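These notes concern the structure reproduced below.
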Amino acid sequence: MKTFTRLLGALCAAAILATGLPAFAAPDATASLRPAASLPRPMAMPDGSTMKKIQDRGRLIVGVSQDKYAIGFLNPLTNELEGFDIEMAKAMAKAIFGNENKLQIVAVSSAERIPLIKAGKVDMVISTFTINAKRKEEINFSEVYYMSGQKILVHKDSAAKSIADLSGQRVCAPAGSTSAKNILTANPSAKLVETVEFTDCLVLFQMRQVEAISTDDVILAGLAKQDPFAKVIGSGFTAEPYGIGMSKDQPDLVRFANGVLTQMKGDGTWKRIYDKWFGAMGAAEPPRGTYID
Ligand code: GLU
């Protein structure tokens with residue numbers, strides 16, 4: 001295996017020298033279906049399309065989380081769902097109906113996302129959903145609409161500086177998340193504790209039944225807001241490009257969603273939503289979508 005890898009390396013190097021270009025461009029796992037040049041007008045979805053079926057049904061069914069502060073959470077004061085992902089869902093409903101409230105929300109945990117899409121119970125899942133090749137074997141993703149990365153939340157008195165310092169310690173993440181897998185990949189000596197929801201991790205953390213929670217930076221920022229005795233450490237040790245999950249049987253809906261996202265990224269809507277919910281994390285530009293035909 002080592003010899004093979006070395007041989008491959010030598011071949012690549014030779015090819016780069018010969019052509020000035022890498023011989024094998026890495027496949028882009030985030031590439032999604034190219035949107036059409038223009039979007040249909042709201043309430044005028046093309047006959048026979050998935051969007052027309054949704055229009056005729058009168059509401060878009062979207063799986064979101066309800067326990068991620070600033071992303072998808074139930075505001076106890078208004079009893080309304082709010083956050084970055086919720087605004088993405090509203091934008092999709094607005095593009096189909098001209099009315100952002102034509103939405104039926106289904107609360108989903110990390111592990112429920114793919115099964116619900118595959119069973120046709122939701123049209124879309126918009127829930128801090130990392131695009132990766134393994135998941136793409138089962139479902140389709142839109143283009144990237146947010147670029148996150150995994151970090152760690154520890155108690156303020158912890159001396160840990162990175163995942164490497166958590167050997168033998170209990171680290172929490174929900175089952176069915178990339179976060180859970182990434183913890184053990186980054187530090188096989190950490191003790192992974194899996195829950196259903198992120199708030200379950202927070203409860204265990206506050207009872208000191210886990211020493212740390214590790215997941216995407218934006219989710220941790222929300223958990224840290226709910227716990228004055230917690231701090232986020234280290235720099236992101238993974239890349240978590242978020243996409244909207246959809247069925248493999250509905251590629252027209254994927255192209256439509258990409259059209260909406262492209263529009264939002266270009267006309268300032270994305271930036272307004274980012275600034276509103278994540279602005280405290282610093283300025284950001286919308287991630288560029290990449291496509292296949
Ligand atoms: N982005 C990660 C994932 O899709 C963690 C977030 C989550 O589970 O909601 O698995």
Side-chain angles (χ1 to χ4, degrees), residues 29-30 32 62-74 81-89 105-118 122 124-153 163 171-187 190 192-205 210 212-226 232 234-246 257 274 277-278 281 284 287:
T30 67
S32 181
V62 183
V64 300
S65 45
Q66 295 201 346
D67 75 332
K68 292 181 193 138
Y69 182 73
I71 301 169
F73 73 109
L74 198 62
L81 276 166
E82 293 180 359
F84 188 85
D85 277 349
I86 302 299
E87 300 227 20
M88 293 289 151
I105 292 294
V106 178
V108 296
S109 66
S110 297
E112 284 168 339
R113 293 175 295 188
I114 291 177
L116 280 175
I117 292 170
K118 287 181 83 173
V122 292
M124 300 178 174
V125 164
I126 309 182
S127 183
T128 59
F129 207 177
T130 297
I131 305 166
N132 63 35
K134 179 112 196 4
R135 288 174 172 170
K136 279 173 95 169
E137 288 169 12
E138 299 191 75
I139 57 162
N140 252 328
F141 278 101
S142 71
E143 65 182 74
V144 188
Y145 70 88
Y146 186 74
M147 195 65 196
S148 184
Q150 187 161 340
K151 291 188 178 177
I152 303 151
L153 185 88
I163 187 85
V171 187
C172 190
S177 66
T178 51
S179 321
K181 284 206 184 73
N182 294 339
I183 290 166
L184 290 180
T185 307
N187 185 347
L192 175 66
V193 175
E194 289 185 307
T195 56
V196 177
E197 305 282 2
F198 284 95
T199 38
D200 300 329
C201 278
L202 188 62
V203 171
L204 293 179
F205 180 78
V210 299
I213 303 172
S214 182
T215 184
D216 306 341
D217 52 3
V218 276
I219 303 174
L220 289 184
L223 293 176
K225 265 225 146 59
Q226 298 168 64
V232 177
S235 47
F237 61 94
T238 68
E240 309 292 329
Y242 291 170
I244 299 174
M246 285 164 277
Y274 174 89
W277 296 106
F278 299 156
M281 293 176 46

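Treat the numbers as computed from the prediction; the structure is a model and nothing was measured. Basis for what follows: all heavy atoms, side chains included, without hydrogens, waters or symmetry-related copies. Indexing begins at 1, ligand by ligand and atom by atom, following the structure's order. Each residue takes its place number in the sequence, starting with 1.
The closest side-chain heavy-atom distance from Lys68 to Ser127 is below 4.5 Å.
For Thr30, the side chain to side chain donor-acceptor pair (under 3.5 Å) test picks out Asp28, with sequence neighbours left out.
Note that CZ of Phe198 is 5.5 Å distant from OG of Ser177, once rounded to the nearest 0.5 Å. The CG atom of Asn132 sits 8.5 Å away from atom CD of Glu240, with the distance rounded to the nearest 0.5 Å.
Between Phe84 and Tyr145, the two ring planes are parallel [angle under 30°; tilted spans 30° to 60°].
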Can you produce the list of protein nitrogen or oxygen atoms under 3.5 Å from a nitrogen or oxygen of ligand 1, alongside each distance?
| residue | atom | partner | partner atom | Å |
| --- | --- | --- | --- | --- |
| ligand 1 | 1 (N) | Thr128 | O | 2.8 |
| ligand 1 | 1 (N) | Thr130 | OG1 | 2.7 |
| ligand 1 | 1 (N) | Asp216 | OD2 | 2.6 |
| ligand 1 | 4 (O) | Arg113 | NH1 | 3.2 |
| ligand 1 | 4 (O) | Arg113 | NH2 | 3.2 |
| ligand 1 | 4 (O) | Thr128 | O | 3.1 |
| ligand 1 | 4 (O) | Thr130 | N | 3.0 |
| ligand 1 | 4 (O) | Arg135 | NH1 | 2.9 |
| ligand 1 | 8 (O) | Ser110 | OG | 2.6 |
| ligand 1 | 8 (O) | Arg113 | NH2 | 3.2 |
| ligand 1 | 9 (O) | Lys68 | NZ | 2.9 |
| ligand 1 | 9 (O) | Arg113 | NH1 | 3.2 |
| ligand 1 | 9 (O) | Thr128 | OG1 | 2.8 |
| ligand 1 | 10 (O) | Arg113 | NH2 | 3.0 |
| ligand 1 | 10 (O) | Arg135 | NH2 | 2.9 |
| ligand 1 | 10 (O) | Thr178 | N | 2.7 |
| ligand 1 | 10 (O) | Thr178 | OG1 | 3.3 |

- Item | Evaluation steps, side-chain contact (heavy atoms from CB on, under 4.5 Å), between Met147 and Asp217 | CA-CA 10 Å; Met147 195 65 196; Asp217 52 3; over 6 Å; no
